[in-house]
Amino acid sequence: MAKYRVVLCGGGTGGHYYPVLSVAQRLAEEYETEFLYFTIAGRLDDERVEMDLPNVRKIPLKLKGLLRPIYNPKNIGIILEHLEQMRLVKEEISKFKPDFLFSSGGYVSFPVVLAAKKLDIPIFLHEQNALPGIANKRLAKYATKVFISFEESASRFGKYAYKTCLTGNPVRKVSMSREEIFNTLEFDPTKPFIVVMGGSQGSDFINEKMLQLYSSICDDDGYQFLHVTGKGSNMEDFRKYPFVRVFEYIPNIHEYMAKADLVISRGGATSVAEIMNYRRKAIIIPWSGAAENHQYYNAVSLEKVGLGYVILENAVTPELLLSRIRDSLRKKTVVVPYEKEPVELIVENLFREESR
Ligand SMILES: CC(=O)N[C@H]1[C@@H](OP(=O)(O)OP(=O)(O)OC[C@H]2O[C@@H](n3ccc(=O)[nH]c3=O)[C@H](O)[C@@H]2O)O[C@H](CO)[C@@H](O)[C@@H]1O
């Protein structure tokens, strides 16, 4: 078996972490691979990566994202911290001698990509959103390839558009059966199963609207909900309803999504990708505060392939949600035309001759 050494970064939120994890897990399955993961100290990637990935050494970086507006004077201190961390990253990468770097963007990627560039390590970037993030746009010039999830992202990389390669957003492999899922949740397999989640950090907005909905229906309506609240919610509010199972966070929520009859979610790119890849029906409520409204564009892409309804925050009522739930459950699933799974396409491209 071929041996590889791979540097990874991408984290803070699940939206950045899980695409990297899915590619890394696939690499680990196919090749003997050692990983060096630059995490953001104290965040999801830092907490989880040693549990999720074999042969990984993590190096937590003490980093903050730049404050908006960008000319905030505190940003000078933040940039100095990034430069300081870059020295450490460069030392670690040069000792590790990797074959390449795979990064999913976000502010952690600045010191890691810049250090890799200085050491002449091939750099592969992945962009999850329809509207690319600042880090990926700025760092594209150093990349060998920029994997994109939506066709329309290419032109947003300007003169580096030629480096883009449309692969989609990779998702984690599924291994649980529907029976196992229903047994775990103690749900009735003959009734519809709905997953509700607000992205990796949860959504107070979705929690509140769904609580209103739960209070307006009863057990006899037959719906069964798995609701992920995010940290700090009052779980007792949800436990009042016998048809709701509630958790703050479920590390393998993708297994449950993959078997759900319907997913109600924010429009984070990776949640949307999971819905697409697992060919689930969905109701998406994009977070209106997302930079350049990017969650809305992610959500629309799902609506276009016939898998979802988009409901804007200001239109959400328990009545509309219930009517969309009924419509969605009645609708036939449309199969998304993926010729190849995103994770396959990415791994294939990482090893193409011209990428070296
Ligand atoms: C508030 C914020 O900054 N949101 C951004 C962040 O979203 P956020 O991190 O919320 O990302 P996504 O919705 O894209 O992805 C969430 C990921 O976390 C997983 N998950 C979630 C809950 C749980 O209990 N267990 C679990 O594993 C989901 O399955 C999914 O893989 O990154 C995305 C990708 O760049 C962006 O599109 C979002 O706009």
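Given the structure is predicted, the values throughout are model-derived calculations rather than measurements. Both ligands and their constituent atoms are indexed starting at 1 by order of listing.
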Going by distance alone, is a donor N or O of one side chain under 3.5 Å from an acceptor N or O of the other, for H126 and N136? no

For atom 9 (O) of ligand 1, which of the options A269, S200, S271, S104 provides the nearest non-hydrogen atom? S200

Heavy-atom contacts under 4.0 Å between R172 and ligand 1: side chain, backbone, both, or neither? side chain

Measure from atom 22 (C) of ligand 1 to every heavy atom in G199, G289, A290 and give the option owning the shortest one. G199

From the list M86, Q85, H82, side chain to side chain contact (heavy atoms under 4.5 Å, CB included) partner of L61 resolves to Q85

Check ion pair R5-E34 (N to O, under 4.0 angstrom): yes

Pull out every atom of ligand 1 sitting under 4.0 Å from any heavy atom of Q295, numbered as shown with elements. 4 (N), 38 (C), 39 (O)

Determine whether F102 and F147 satisfy the following criterion, side chain to side chain contact (heavy atoms under 4.5 Å, CB included), listing intermediate values before the conclusion. CA-CA 10 Å; F102 181 74; F147 301 121; 3.8 Å; yes

G15 heavy atoms within 4.0 Å reach ligand 1 at atoms 8 (P), 9 (O), 11 (O), 12 (P), 14 (O), 15 (O), 16 (C), 17 (C), 32 (O), 33 (C), 34 (C)

Considering only protein heavy atoms, which is closest to atom 23 (C) of ligand 1, and at what distance to one decimal place? Y249 CE1, 3.3 Å

Has D45 got a side-chain atom pairing as donor or acceptor with Y17's backbone, closer than 3.5 angstrom? no

So which bit of A273 gets within less than 4.0 Å of ligand 1, heavy atoms only: side chain, backbone, both or neither? neither

Verify, without hydrogens or angle tests, whether D221 (side chain) and C218 (backbone) share a donor-acceptor contact under 3.5 angstrom. yes

Per atom 34 (C) of ligand 1, closest listed option by heavy atom (H294, Q128, E248): Q128

Return the closest protein heavy atom for atom 26 (C) of ligand 1 as residue, atom name and distance. I253 CG2, 3.0 Å

Which atoms of ligand 1 sit under 4.0 Å from any heavy atom of G268? 12 (P), 13 (O), 14 (O), 37 (O), 38 (C)

Which protein non-hydrogen atom lies closest to atom 6 (C) of ligand 1, naming both residue and atom, and how far is it? T13 OG1, 3.6 Å

Is the shortest side-chain N to carboxylate O distance from R156 to E127 below 4.0 Å? no

Atoms of ligand 1 under 4.0 Å from any heavy atom of V228, numbered from 1 in the order shown, are 24 (O)

Any idea which part of N298 is under 4.0 Å from ligand 1, heavy-atom wise: side chain, backbone, both or neither? side chain

Please could you name the atoms of ligand 1 that P251 approaches to less than 4.0 Å, counting only its heavy atoms? 27 (O)

Side chain to side chain donor-acceptor pair (under 3.5 Å) with Y214: of H227, K240, K209, only one passes, and it is H227

Go through ligand 1 atom by atom and flag the ones less than 4.0 Å from a non-hydrogen atom of Y18. 17 (C), 18 (O), 19 (C), 27 (O), 31 (O)

Identify the closest protein heavy atom to atom 37 (O) of ligand 1: which residue and atom is it, and at what distance? N129 OD1, 2.6 Å

Can you see whether S233 engages E248 through a side-chain donor-acceptor pair at a distance of less than 3.5 angstrom? no

Identify the protein heavy atom lying closest to atom 14 (O) of ligand 1, giving its residue, its atom name and the separation to 0.1 Å. T270 N, 2.6 Å

Nearest heavy atom to atom 2 (C) of ligand 1, choosing from Y297, Y256, W287, belongs to W287

Just to confirm my output: which protein heavy-atom neighbour is closest to atom 25 (N) of ligand 1, and how far is it? I250 O, 2.7 Å

Can you find a side-chain donor-acceptor pair between Y18 and H254 that sits under 3.5 Å? no

Measure from the ring center of Y241 to the ring center of F243 and say whether it is less than 6.0 Å. yes

Nearest neighbour of atom 29 (O) of ligand 1 from the list H16, E274, M197, on a heavy-atom basis: E274

Closest approach of V112 and V89, non-hydrogen atoms and distance? CA-CG1, 3.8 Å

